[in-house]
Amino acid sequence: MASDNQAPRAPSGTHDVLAPESDRWIALLGIFGSLAQRYGFSMVHTPMFEDVRVFHRGIGEGSDVVGKEMYEFTDRGGRNLALRPEGTASIVRAFVQHRPAAPWRAWYATPSFRYERPQAGRFRQHHQVGVEVLGSADADVDVEVITLAQRFFEGLGLTRFTLNINSMGDEHCRPSYTQSLRDYLETKASELCKEHQASHENNPLRVLDCKRPECFAVIEGAPSLAEALCDSCRTHFERVKDGLRKAGIVFEINDRLVRGFDYYTRTTFEFSSSALEGAQNAIGGGGRYDGLVELLGGPPTSGIGFGIGIERVLLACDAENVFDIAPEVPEAFVVDVTGGERARDIVERLRDAGIFVERAYDNKSMKSQLKSADRSGARMALLVGEEEAESESITIRMLREEREQVTISLDELFARATTTGSLLP
RNA sequence: GUGGUCGUAGCUCAGUCGGUAGAGCGCCGGGAUGUGGCCCCGGAGGUCGCGGGUUCGAGCCCCGUCGGUCACCCCA
């Protein structure tokens, strides 16, 4: 459509959100925000760009997101910055900078940027809501965080989604497991898929997640992460599972769930929608990251959180036919065929009284203005013609129900608006 | 980064063996001497993504390019 000197479009992989879709965004953010508040989270805003080191150190150089998907740039002062590719690292950086009292519970809603090829449910700018808890290693926090996500999805009306959980081990048991996995993969290197023949040494855990058939056979025989967990990780994981069961949350243990960021320890989890046709069906995910605060220069501090993809959640809602938001419609629509000055004053006074009112502009014909009134969805039209102008009155015509139209004085109209908030007696 | 697929009015699309463009919806106006929705009539709006080639002639064929879309990879 667009060519060299034609109108610009939104950049590839980005999109504009207009009504009525934007109405759903407002509603979704409202639901998430009030739920998070009920769970004791307060909202945090952090910059959309950070020193690149926040992400390099936090997410890990070896990850795809940092290695090949970040929007990095140098500003006019020569600083190396990057648009945020995910939410957690920025929040942790803010924690280290401000040292709020722990445990600190923060929720956020923010765009994220990744330079990937767009496809269904995947964008270069997407949006996430999420929470992070910094400063507690208690497994009950894991349970709460996962429960919050679960309740959010339920609150939207989603039913066709699943929760996978896993434990990645900690600094005591993970290194030795990683080594034994690396040793194992070394002996099977030639049988791995092309991608992992090259990369299994730096990031052996990622191979567990590979969906290619070649790797699959190798993975079958690989040492089990679950069996390699140390006692404290095992206990932690048991308590998480127990808490989830008590909360009535259905989950699946998936010991091949290895998420894409290097910072995860112990609990990891992912919510997937089974209603989404495409390959991009992960609607939310997160986990514990007990070493991340230190990596970003803070004191040893435990942490856990998740991110939920707004666009994907809305796609899932569409697929399940839930969360259909009816947009707000005006109570009244002022039709003024005497030039518009009266409409100008009437809408202002009614709006001051707290009523949602629209009007027509450009001195259109009555037919045209009523057409606009109808399309606006307004419950009633307030008509001002020569007669009403003469007598300082207005004619109320109901647009959605059979009722005889009535003419009342403007004084009466404004009195109703300010005393009862309704334009009808 | 790799591959498939598509690119005609604001939107959804039609366009038959190549002969310089149509529908529905939407929008604007009228049919009612002040009154929307249904119906009827009329109107505006497109250099057929862009560039090149073949041809007497290309929306239709060929090449390139840009963009959309889907998939791989990875993730939300």
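These numbers come from the heavy atoms of this one structure, side chains and all, not from hydrogens, waters or symmetry mates. Chain identifiers are assigned alphabetically (A, B, ...) following the order of the sequence lines, protein sequences preceding nucleic acid strands; residue numbering begins at 1 within each chain.
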Taking any strand in view, what nucleotide pairs with [N] in a Watson-Crick or G-U wobble way, both distances under 3.5 Å?
N	value
B:C17	none
B:G45	none
B:C73	none
B:G67	B:C6
B:C39	B:G31
B:A23	B:U12

With the stacking rule set at 5.5 Å and 30°, tell me whether A:His126 counts as stacking on B:A76.
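Answer is yes, a stack.
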Using a cut-off of 4.0 Å on non-hydrogen atoms, how would the nucleic acid contact of [X] be classed: base, sugar-phosphate, or nothing?
X	result
A:Arg114	base
A:Phe271	nothing
A:Gly121	base
A:Glu311	nothing
A:Ser112	nothing
A:Ala120	sugar-phosphate

How far does [atom1] of [X] sit from [atom2] of [Y], to the nearest 0.5 angstrom?
X	Y	atom1	atom2	answer
A:Phe269	A:Asp142	CZ	CG	8.0 Å
A:Phe333	A:Ser372	CZ	OG	5.0 Å
A:Ile283	A:Phe153	CD1	CZ	4.0 Å

Nearest-angstrom distance, [atom1] atom, [N] to [M]:
N	M	atom1	answer
B:G3	B:G26	P	43 Å
B:U16	B:C62	P	15 Å
B:C50	B:G67	P	15 Å
B:G24	B:C61	C1'	30 Å
B:G46	B:A14	C1'	15 Å
B:C66	B:C74	P	27 Å
B:C48	B:C40	C1'	32 Å
B:G59	B:G42	P	29 Å

Would you say the ring centroid of A:Tyr108 lies under 6.0 angstrom from that of A:His45?
no
Roughly, in whole Å, what's the span from [atom1] in [X] to [atom2] in [N]?
X	N	atom1	atom2	result
A:Asp16	B:G10	CG	P	17 Å
A:Leu276	B:A76	CG	P	15 Å
A:Phe161	B:A76	CZ	P	17 Å
A:Phe333	B:U35	CZ	P	16 Å
A:Leu314	B:A76	CG	C1'	12 Å
A:Asn281	B:A76	CG	P	12 Å
A:Leu205	B:C74	CG	C1'	16 Å
A:Glu132	B:A76	CD	P	11 Å

Please state whether the phosphate of B:A71, meaning OP1 or OP2, lies under 4.0 angstrom from any side-chain nitrogen or oxygen of A:Gln119.
yes
Kindly indicate whether a cation-pi arrangement holds for A:Lys364 with A:Tyr361, taking the cut-offs as under 6.0 Å to the six-membered ring centre and within 45° of the axis.
no
Tell me whether the NZ or CZ atom of A:Arg124 lies within the 45° cone about the ring axis of A:Tyr115 and under 6.0 Å from its centre.
yes
Closest non-hydrogen contact found for A:Phe261 with A:Arg114 is CZ-NH2, 3.9 Å
Identify the heavy atoms of A:Leu423 and A:Ile396 that sit nearest to each other, and give their distance.
O-CD1, 3.8 Å
Classify the side chain of [X] and the base of [N] as holding, or not holding, a donor-acceptor pair under 3.5 Å.
X	N	value
A:Gln280	B:A71	no
A:Gln369	B:U35	no
A:Asp374	B:G37	no

Looking only at the side chain of [X] (C-beta and beyond, no hydrogens), which of the listed nucleotides [options] gets closest?
X	options	answer
A:Phe261	B:A76, B:C74, B:C70	B:A76
A:Arg397	B:A76, B:C74, B:U35	B:U35
A:Arg9	B:A76, B:C74, B:G68	B:G68

May I have the step-by-step check of side chain to side chain donor-acceptor pair (under 3.5 Å) for A:Asp262 and A:Ser63, ending in yes or no?
CA-CA 7 Å; A:Asp262 292 352; A:Ser63 67; 5.3 Å; no
By nearest-nucleotide position on RNA chain B, the 5'-leaning member of A:Glu401 and A:Gln125 is A:Glu401
Can a donor-acceptor pair be found, under 3.5 Å and without considering hydrogens, that links the side chain of A:Arg397 to the backbone of A:Gln405?
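No: the side chain of A:Arg397 does not pair with the backbone of A:Gln405.
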Mark up nucleotides 26-34 of chain B, 5' to 3', with B wherever a protein heavy atom is under 4.0 angstrom from a base atom, S wherever such an atom reaches only the sugar-phosphate, and - elsewhere.
-SSSBB--B
